[in-house]
Amino acid sequence: MKTGSYLTALAVFSSMSAYAHGEELNQILVTATRTSQSINQSLASVSVISREDIERLQPRSLQDLLRGVSGVTMSNSGGAGKATSLFLRGTESDHVLVLIDGIKVSSATLGTAPIENLPVAQIERIEIVRGPRSSLYGSEAIGGVIQIFTRRKSAKEETHASLDLGSHDSFGGSLGFSAGSDNSWYNLDLALSDTDGFDACQNSVSSGCSVDPDDDGYRNKSTSLHAGHRFSDTLEAEIHAFRADAESEYDGKSVNESETRQQLLGINLNYTPLDSWMLTLTAAKNWNLSDNFKDGAYMSTFDTERNSASLQSDVELEANQLLTLGFDYQQEKTSSSTLYEVDKRDSKGYFLQYQGRFSRYDYELSLRNDEHTTFGTHTTGGVAWGVSINSELRLWASYATAFKAPTFNELYYPNFGNPELQPEESSSYEIGLQGNAGWGNWRLSVYQTEVDELIGFDASNSPVNINEALIRGFETEINASFGLWHTSTTLTLLDPENSSDEINDGKQLPRRPKQSIRFDLDREMGAYNFGLSLLAESKRYDDLANTQELRSFGTLDLRASYQINPAWKLQGRFENIFDKSYETAGSYNQPGRGFYLTLNYQS
């Protein structure tokens, strides 16, 4: 476990397919512990989606890509670019920490990440870490962490491009360049997507939905940049930037158009004074900007900024024993057409982690203290243990606590917020088992999460810490290869229960199905590849009282590709071939049958 190797690992990252076998899983690097390790070493439930997987699956959006991943369920309000909530292990949509290249991207006012506006064309790799991570990352990581890495290329000169078109008058494209030498490198990626969409609202049962029988379009333009230089064997620096500008039309009662911008800028410095010691310094700024309109007339602005910095020290005490100490700083500001009583707040976090391996046994211990200008201090911790039963079988168990700080809206929104709110808190247990075989690999886990001090509403509709939740779950993921056939199966069984001592006690938490399964099958035939994806989810409810049922559904997608020559590839995707009508948020349509073609170039 040489610390010096982390520098290379964190800069390069592996991009192995989800179909990797046991020996390959030892090469897939993840950062669930804020240090790199293989999936087989991780004492957390982790899924990795590589660029190879993205190109094989041909998703139209980040929502399409993440649907059916173990522990992940989604709700969407009417297609591309419309409000999308991601629930990880049944926790709230603002209980998931979403990072882009290590930078937090959630809105300080809403508390959720703009999943619908993060273009899949810019993504190189995604890590989904299920289970609490507040003892390393601080607020929000109750359900887990989703870390998105934008596209990176090797130092050699490369070019890639794509052009696609399809149903709902959709079209788009991407263009990317990379070049460099042994000590310097850069890559630049541009992407565009545009669709006329479809009529998002089918009736006005939902409080935010207004029947307006027209197509609700969406446009997104994005750019990402990475550039770096290695000054010596011990010092390396990188700058990275990302921006996505989106325009969305929807069927809202108070507003029906929005213009948003997600933008971030980060600088990383890695210094390795000794083979056993590495220092990492990062500084970043994130903008989350939104202008809202009603039939073309300006209505409101909600802009937030986040400045952050982090210093992390990784010290190898002995072989296979790593001590990590770190400090995080964050400042959030809002500048909106709505005047908040408080428009700026700061937080500081101090954390330490020990990772050790002794013979067949692995241990992780972590502890963090956060100091916040709103609610004072909060301490979280975690402990994990694992044992290699044999060369192919591994068992692990963990316990951790986590918290979620209230948002600006919950605290200070005029005539609504409650500045006396305290953080939402959780405690989680998990037991997992994983195995490798000649045909592939598998992983399963059972867990329980208790969430206290959940923010609900009192009789005057003010937010207060009155709710509780008890969530139990089972997850399994199986990846197998048989000759030229490749399969991936994920199953999630969830019991997301409202355990508050009030009228909705025992009810199912809204918009979360109890059962979901996804099955992918792919077949290689020389220059041709064929595949299908089957997704099925059980019924869910759209409200706390469980009176508005959203029916179970299943969809089937087909895909194919043809490698014309080493540089050019033609792809086709046939979505929802049986034109299944279903909802994941009450009164909002989901895409029907659709067909899309993509032409890819890679030099």
Side-chain angles (χ1 to χ4, degrees), residues 71-72 85-99 104-115 128-147 286 288 304 306 308 328 330-332 334 342 345-349 351 366-382 399-413 416-428 447-457 462-471 496 498-500 509-512:
V72 175
S85 296
L86 185 153
F87 306 103
L88 191 52
R89 285 193 165 176
T91 59
E92 299 292 336
S93 58
D94 58 357
H95 290 172
V96 183
L97 178 62
V98 179
L99 307 171
K104 181 178 174 180
V105 295
S106 61
S107 164
T109 51
L110 291 175
T112 55
I115 298 294
I128 301 101
V129 183
R130 297 179 291 279
R133 292 281 125 180
S134 283
S135 60
L136 292 175
Y137 289 97
S139 176
E140 296 179 30
I142 290 179
V145 177
I146 295 179
Q147 182 141 211
N286 167 242
N288 195 312
T304 62
R306 182 179 292 111
S308 59
D328 293 332
Q330 177 178 276
Q331 181 187 75
E332 295 177 318
T334 180
V342 176
R345 62 183 186 179
D346 300 340
S347 64
K348 300 175 184 177
F351 63 92
S366 57
L367 186 67
R368 180 179 174 112
N369 182 262
D370 285 273
E371 299 177 359
H372 202 282
T373 56
T374 302
F375 55 79
T377 63
H378 204 88
T379 301
T380 51
Y399 169 78
T401 60
F403 80 101
K404 159 66 171 57
T407 66
F408 272 103
N409 282 358
E410 292 166 336
L411 290 166
Y412 308 119
Y413 195 89
F416 171 78
N418 177 7
E420 302 301 319
L421 287 174
Q422 294 300 304
E424 300 171 311
E425 303 174 341
S426 74
S427 58
S428 298
Y447 59 88
Q448 175 177 295
T449 297
E450 297 181 47
V451 188
D452 299 320
E453 305 294 339
L454 267 171
I455 296 174
F457 302 97
S462 295
V464 289
N465 297 102
I466 60 172
N467 289 340
E468 297 178 359
L470 177 62
I471 303 168
N498 186 330
S499 58
S500 304
L509 295 174
R511 297 188 177 179
R512 274 150 277 198

Asker: I need the Asn369 CG to Phe351 CZ distance, nearest 0.5 Å.
Answerer: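 Result: 12.5 Å between the selected atoms.
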
Asker: Verify side chain to side chain contact (heavy atoms under 4.5 Å, CB included) between Ser427 and Tyr399, making sure each step is shown before the conclusion.
Answerer: CA-CA 7 Å; Ser427 58; Tyr399 169 78; 3.7 Å; yes

Asker: Does Arg511 make a cation-pi contact with Phe87, if we ask for NZ or CZ under 6.0 Å from the ring centre and within 45° of the axis?
Answerer: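 So Arg511 doesn't make the cation-pi contact.
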
Asker: Can you spot which of His95, Arg133, Lys104 makes a side-chain hydrogen bond (donor to acceptor under 3.5 Å, both in side chains) with Glu140?
Answerer: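 Among the candidates, only Lys104 passes.
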
Asker: Between Phe408 and Tyr412, how do the two ring planes meet: parallel, tilted or perpendicular, split at 30° and 60°?
Answerer: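 Phe408 vs Tyr412 ring planes: tilted.
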
Asker: Counting C-beta onward and ignoring hydrogens, is there a side-chain heavy-atom pair between Phe403 and Ser426 closer than 4.5 Å?
Answerer: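 No, too far: nothing below the 4.5 Å cut-off.
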
Asker: Under the 3.5 angstrom rule, does the side chain of Arg512 hit a backbone N or O of Gly90 as a donor-acceptor pair?
Answerer: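 Pair found, side chain donor or acceptor close to backbone of Gly90.
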
Asker: Step by step, work out the side chain to side chain donor-acceptor pair (under 3.5 Å) result for Ser135 and Ser366.
Answerer: CA-CA 6 Å; Ser135 60; Ser366 57; 2.8 Å; yes

Asker: Please name the pair of heavy atoms, one in Leu470 and one in Glu450, separated by the smallest distance, quoted to 0.1 Å.
Answerer: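 So the two residues come closest at CD1-CG, 3.5 Å.
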
Asker: Would you check, one step at a time, whether the test side chain to side chain contact (heavy atoms under 4.5 Å, CB included) holds for Leu86 with Ile146?
Answerer: CA-CA 10 Å; Leu86 185 153; Ile146 295 179; 3.7 Å; yes

Asker: Report yes or no: does Gln147 contribute a side-chain atom to a donor-acceptor pair with the main-chain N or O of Val98 at less than 3.5 Å?
Answerer: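 No; judged by distance alone, with no hydrogens or angles, the pair does not exist.
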
Asker: Would Asn288 and Ser107 count as a side chain to side chain donor-acceptor pair (under 3.5 Å) here? Give the steps.
Answerer: CA-CA 6 Å; Asn288 195 312; Ser107 164; 4.6 Å; no

Asker: Are side-chain heavy atoms of Leu99 and Tyr137 found at a separation under 4.5 Å?
Answerer: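 Of all side-chain heavy-atom pairs linking Tyr137 with Leu99, at least one is under 4.5 Å.
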
Asker: Sub-3.5 Å donor-acceptor pair from the side chain of Asp370 to the main-chain atoms of Gly138, do we have one?
Answerer: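 No; zero donor-acceptor contacts below 3.5 Å.
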
Asker: From Thr380 OG1 over to Ile142 CD1, what is the distance, rounded to the nearest 0.5 angstrom?
Answerer: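 That separation rounds to 10.5 Å.
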
Asker: Any side-chain heavy atom of Pro463 within less than 4.5 Å of one from Phe416?
Answerer: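 Yes, at least one pair of side-chain atoms sits under 4.5 Å.
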
Asker: Quick one: does any side-chain atom of Asn465 pair with a main-chain N or O of Glu453 as donor and acceptor, under 3.5 Å?
Answerer: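 Yes, because the side chain of Asn465 sits within donor-acceptor range (under 3.5 Å) of the backbone of Glu453.
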
Asker: So, for Arg345 and Thr373, which heavy atoms are closest and what is the spacing to 0.1 Å?
Answerer: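 So the minimum-distance heavy-atom pair works out to CB-OG1, 3.3 Å.
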
Asker: Main chain of Ala405, side chain of Ser139: is a donor-acceptor contact present, judged purely on distance under 3.5 Å?
Answerer: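 Yes, Ser139 side chain to Ala405 backbone: donor-acceptor pair under 3.5 Å.
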
Asker: For Asn418, what residues pass the side-chain hydrogen bond (donor to acceptor under 3.5 Å, both in side chains) criterion, not counting sequence neighbours?
Answerer: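 side-chain hydrogen bond (donor to acceptor under 3.5 Å, both in side chains) list for Asn418, sorted by chain: empty.
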
Asker: Counting distance only, does the side-chain N/O of Thr407 pair as donor-acceptor with the main-chain N or O of Thr109 below 3.5 Å?
Answerer: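 Indeed, once roles are kept as given, a pair shorter than 3.5 Å links the two residues.
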
Asker: Looking only at heavy atoms, what is the nearest atom pair of Ala402 and Ser134, with distance?
Answerer: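 That closest heavy-atom pairing would be CB-OG, 3.2 Å.
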
Asker: Do the side chains of Thr304 and Glu332 get nearer than 4.5 Å, heavy atoms only?
Answerer: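 Not touching, per the 4.5 Å side-chain cut-off.
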
Asker: Flag the pair Leu136 / Val145 as yes when at least one side-chain heavy-atom distance between them is below 4.5 Å, and no otherwise.
Answerer: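 Heavy-atom side-chain distance check fails, nothing below 4.5 Å.
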
Asker: I need the Thr377 OG1 to Glu371 CD distance, nearest 0.5 Å.
Answerer: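 Interatomic distance, Thr377 OG1 to Glu371 CD, rounded to 0.5 Å: 7.0 Å.
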
Asker: Do Leu88 and Arg130 have side chains that approach each other closer than 4.5 Å (heavy atoms only, starting at C-beta)?
Answerer: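 They are in side-chain contact.
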
Asker: Is Asp328 salt-bridged to Lys348, cutoff N-O under 4.0 Å?
Answerer: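 Answer for the salt bridge query: no.
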
Asker: Any side-chain heavy atom of Leu411 sitting closer than 4.5 Å to one from Pro406?
Answerer: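 Side-chain contact under 4.5 Å: yes.
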
Asker: side-chain contact (heavy atoms from CB on, under 4.5 Å) with Asn286: which residues, sequence neighbours excluded?
Answerer: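 For Asn286, the residues satisfying side-chain contact (heavy atoms from CB on, under 4.5 Å) (neighbours in sequence not counted) are Ile103, Val105, Leu264, Arg306.
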
Asker: To the nearest 0.5 angstrom, please state how far the CD atom of Glu92 sits from the NZ atom of Lys404.
Answerer: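 It is 9.5 Å, given to the nearest 0.5 Å.
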
Asker: Between the side chain of Ser500 and the main-chain N/O of Glu468, is any donor-acceptor distance below 3.5 Å?
Answerer: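 Checked: pair present.
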
Asker: Within the structure provided, determine whether Thr91 and Ile471 are in side-chain contact (heavy-atom separation under 4.5 Å).
Answerer: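 Thr91 reaches Ile471 side chain to side chain.
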
